[in-house]
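Within every chain, numbering begins at 1; the chains are lettered A, B, ... in the order of the sequence lines, protein sequences first and strands thereafter.
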There are 2 protein chains.
Amino acid sequence: MSEKVSSRKQQVRAVDVARHAGVSRVSVSRTFTPGASVSASTRAKVLKSAEILGYHVNRLASSLNRSESGIVALIAAEIETPHRATMIAELSEKLQAAGKVTMLINTSGYEERVQDALLQAISFRTEAAIILSGAPDPSLADTCFSNGMKLVLINREEDFPGSLQIGPDNKAAGRTAFNALLRAGCQRIALSNSSNATSGILEREEGFLEAAVEAGVNVICEVAGVTSYKAGLEIGTRLMDREDRPDGVFCTTDLIACGVIDAARQRFGLRTPEDLSVIGFDNIPQAEWEGYNLTTFAQPTDLIIDKCLEWCTTQQPSTEAVKLPARFVWRNSVQKVLVAQSQ
Amino acid sequence: MSEKVSSRKQQVRAVDVARHAGVSRVSVSRTFTPGASVSASTRAKVLKSAEILGYHVNRLASSLNRSESGIVALIAAEIETPHRATMIAELSEKLQAAGKVTMLINTSGYEERVQDALLQAISFRTEAAIILSGAPDPSLADTCFSNGMKLVLINREEDFPGSLQIGPDNKAAGRTAFNALLRAGCQRIALSNSSNATSGILEREEGFLEAAVEAGVNVICEVAGVTSYKAGLEIGTRLMDREDRPDGVFCTTDLIACGVIDAARQRFGLRTPEDLSVIGFDNIPQAEWEGYNLTTFAQPTDLIIDKCLEWCTTQQPSTEAVKLPARFVWRNSVQKVLVAQSQ
DNA sequence: TTATTGTATGTACACGTGTACACAACGTGT
DNA sequence: ACACGTTGTGTACACGTGTACATACAATAA
């Protein structure tokens, strides 16, 4: 019994502060509501009493009343991955700066967890859900919309009415990558990808292959494993083991690229870019490490995130699909263009 | 006017479902409350109507009423860092599995943001706050406790009554690192650390230096920059530039270790472990990459997280400080022990 | 049949807040 | 002196839910 009471009544409410300060409860509410009309004297009294009693506005109650939770859900899998982690770091930081609160929902493991994640977001009356991996069920998305929730899909190619779909222009980047390898004088060009690639990643592959077809070049394709360094290691080993060993590789992901580079260097004694040109995608921090010096594409994260925030914080009822150009970051994993082509 | 109404009344509430199903509102509540007593027939009716209307329990209201939010705050800075990202990934995954919801608060930038983060956690009536970087103001912590909030400090050495302080045994690891370098036959042993090291990281340094003093060995110390790969690069360059170039280095962080290795290899043509033995700490994914093969210490993340969850989900009123042994991961960045010591 | 138990439902209240509305006090211009 | 706009405060209600309590009803035991 006594436990019940103590665990129930221990919260300090606005009315407690009001009593202590000798003012009305609404004055307390107004004191903590920006733009509300309170006299300076009562405001001071309220603030003092709140300080003494340790009062803090209960945002659960406040959100319930105003039907504005201020929460934004971030739904992602494999958030320990360099690029994903960077995205989440920047997103959470900017959301914080915009006065929003980020709810992180990790969907690693089962793919169906995206549904559960969205259900959780709905039940907390999240103002928006930013989905970095996977895609929701359309009917569930409708429920989101009818609750006034915004939806953002990052790096997904499927149509999704009512939501913002944003990401880099993967196809164009793939084309650029091919042309760069070609112009670097590569004779045997390869593509390496993971076998669980998302639609965004597949677009990079498509763009690359399209450009190859247009140039009349045959591309060596090696696909294996999940998107990871380990997969890159395996792919690289297979590639270097081939009789027609490639001298230029486009990896759909920096992690794979690092694996390929290490396979070539550590297992075959090949150097980059002298023996093998490599291009990646994502511009993860490790791409800049001196051991890799990876030429790659930087996703326009700043622009993507700004657009996300704009979408989440303003009224945007319609559908929108945005493709932003990826920036080609030229480092030193691709053979420099020869002025006079040999042979 | 019409906007107001539409933006207000669009939420579908339990009473709507009740009307549609021809039952009482409490029956709806009970249907979605595990263990509540509802007949199978009404339950079915309610579920059907809820499905049709797209009803989802409002957890803001529910939390407010039961004074149990189910939210756990994760407070951290530099969450894009490999080790930190891994911690957050595992924490969020296990919290999710335990039925909790994680609120991510990024405190990168200003250190004072830890206060703001905790204030935010309090106002959302978070059940617990897990702090991965920085430490809160003690008075604010008291406010947390009086609100029934649990507090966990990870990898902080300061005393903090009322909270769980947990982390690896940094000091012991530092000693182990020194002895490993000594036993590997290193003649000139160095320590590299960042100049903004946290208390936990400083303990590694202390343990290392203690062991050195006991062994009567003079240690070359190089400290610079913030904890990052770049700092490691700079430190490594300085170390390799010295006249008494070290042949064994303990880096307080894997990121620094990777930088040191790259500095030695790329800028001085030195090989690891033949010319330089390196030991790191954290066992980040990159430590396993074939380009580094870094011998390091794996933090007992699983144990730490399990303990965190236990602390957060059960009644644990007292203070507790837990040090868990770090696992020495032997790879190939340290010279193998010679059977017959040369000279 | 009656007393008793257990189950399902309904009533009433509580959680803690924001805000529309009414109203009092006050200064200002005529 | 009076009308009037401005400012601060109080009253009442709404947000959407969970649960203690009472009650109606079916099932069981005596």
Choose from [options] the nucleotide whose nearest atom is closest to any side-chain atom of [X].
X: A:R13; options: C:dG16, C:dG18, D:dC15; answer: C:dG16
X: A:V57; options: C:dT17, D:dT19, C:dG16; answer: C:dT17
X: B:S24; options: D:dG18, C:dT19, C:dT11; answer: C:dT11
X: B:V38; options: D:dT17, C:dC15, C:dT9; answer: C:dT9

Rounded to the nearest angstrom, tell me the gap between atom [atom1] in [X] and atom [atom2] in [N].
X: A:E68; N: D:dA14; atom1: CD; atom2: C1'; result: 15 Å
X: A:R66; N: C:dA20; atom1: CZ; atom2: C1'; result: 15 Å
X: B:D16; N: D:dC15; atom1: CG; atom2: P; result: 10 Å
X: A:R25; N: D:dG10; atom1: CZ; atom2: C1'; result: 11 Å
X: B:R43; N: C:dA8; atom1: CZ; atom2: P; result: 11 Å
X: B:R59; N: D:dG18; atom1: CZ; atom2: P; result: 10 Å
X: B:I122; N: C:dG16; atom1: CD1; atom2: P; result: 16 Å
X: A:L60; N: D:dA14; atom1: CG; atom2: C1'; result: 17 Å

### Query
Which residue, B:A61 or B:S41, contacts DNA chain C at a nucleotide closer to its 5' end, judged by nearest heavy atom?
B:S41
Phosphate OP1/OP2 of [N] contacted by [X] side-chain N/O (<4.0 Å):
X: B:T42; N: C:dT9; result: yes
X: A:S39; N: D:dT9; result: yes
X: B:S37; N: C:dA8; result: yes
X: A:S27; N: D:dG10; result: yes

### Any donor-acceptor N or O pair under 3.5 Å, side chains A:Q120, B:R59
no
### Query
Looking only at side chains, do A:R84 and A:S133 share a donor and an acceptor under 3.5 Å apart?
yes
### Query
Any salt bridge between B:D116 and B:R113, counting N to O under 4.0 Å?
no
### Task
Classify the nucleic acid contact of B:F32 as base, sugar-phosphate or nothing, counting any heavy atom under 4.0 Å across all strands shown.
nothing
### Query
What does A:S62 touch in the nucleic acid at a heavy-atom separation under 4.0 angstrom: a base, only the sugar-phosphate, or nothing?
sugar-phosphate
### Task
State whether the distance check finds a donor on one side and an acceptor on the other, under 3.5 Å, for side chain B:N58 versus base D:dG16.
no
### Query
Does A:R30 get its side chain close enough to the base of D:dG10, under 3.5 Å, for a donor-acceptor pair?
yes
Please tabulate, for side-chain N and O atoms in residues 26-34 of chain A, each donor-acceptor pair with protein atoms closer than 3.5 Å (sequence neighbours left out).
{"unit_1": "A:T31", "atom_1": "OG1", "unit_2": "A:S27", "atom_2": "O", "d": "2.7"}
{"unit_1": "A:T33", "atom_1": "OG1", "unit_2": "A:S29", "atom_2": "O", "d": "2.8"}

### Message
On a heavy-atom basis, which atom in A:S49 and which in A:H20 lie closest, and how many Å separate them?
### Response
OG-ND1, 2.8 Å
## Note on the structure
Interatomic distance, CG@B:L151 vs CG@B:L118, rounded to 0.5 Å, equals 6.0 Å
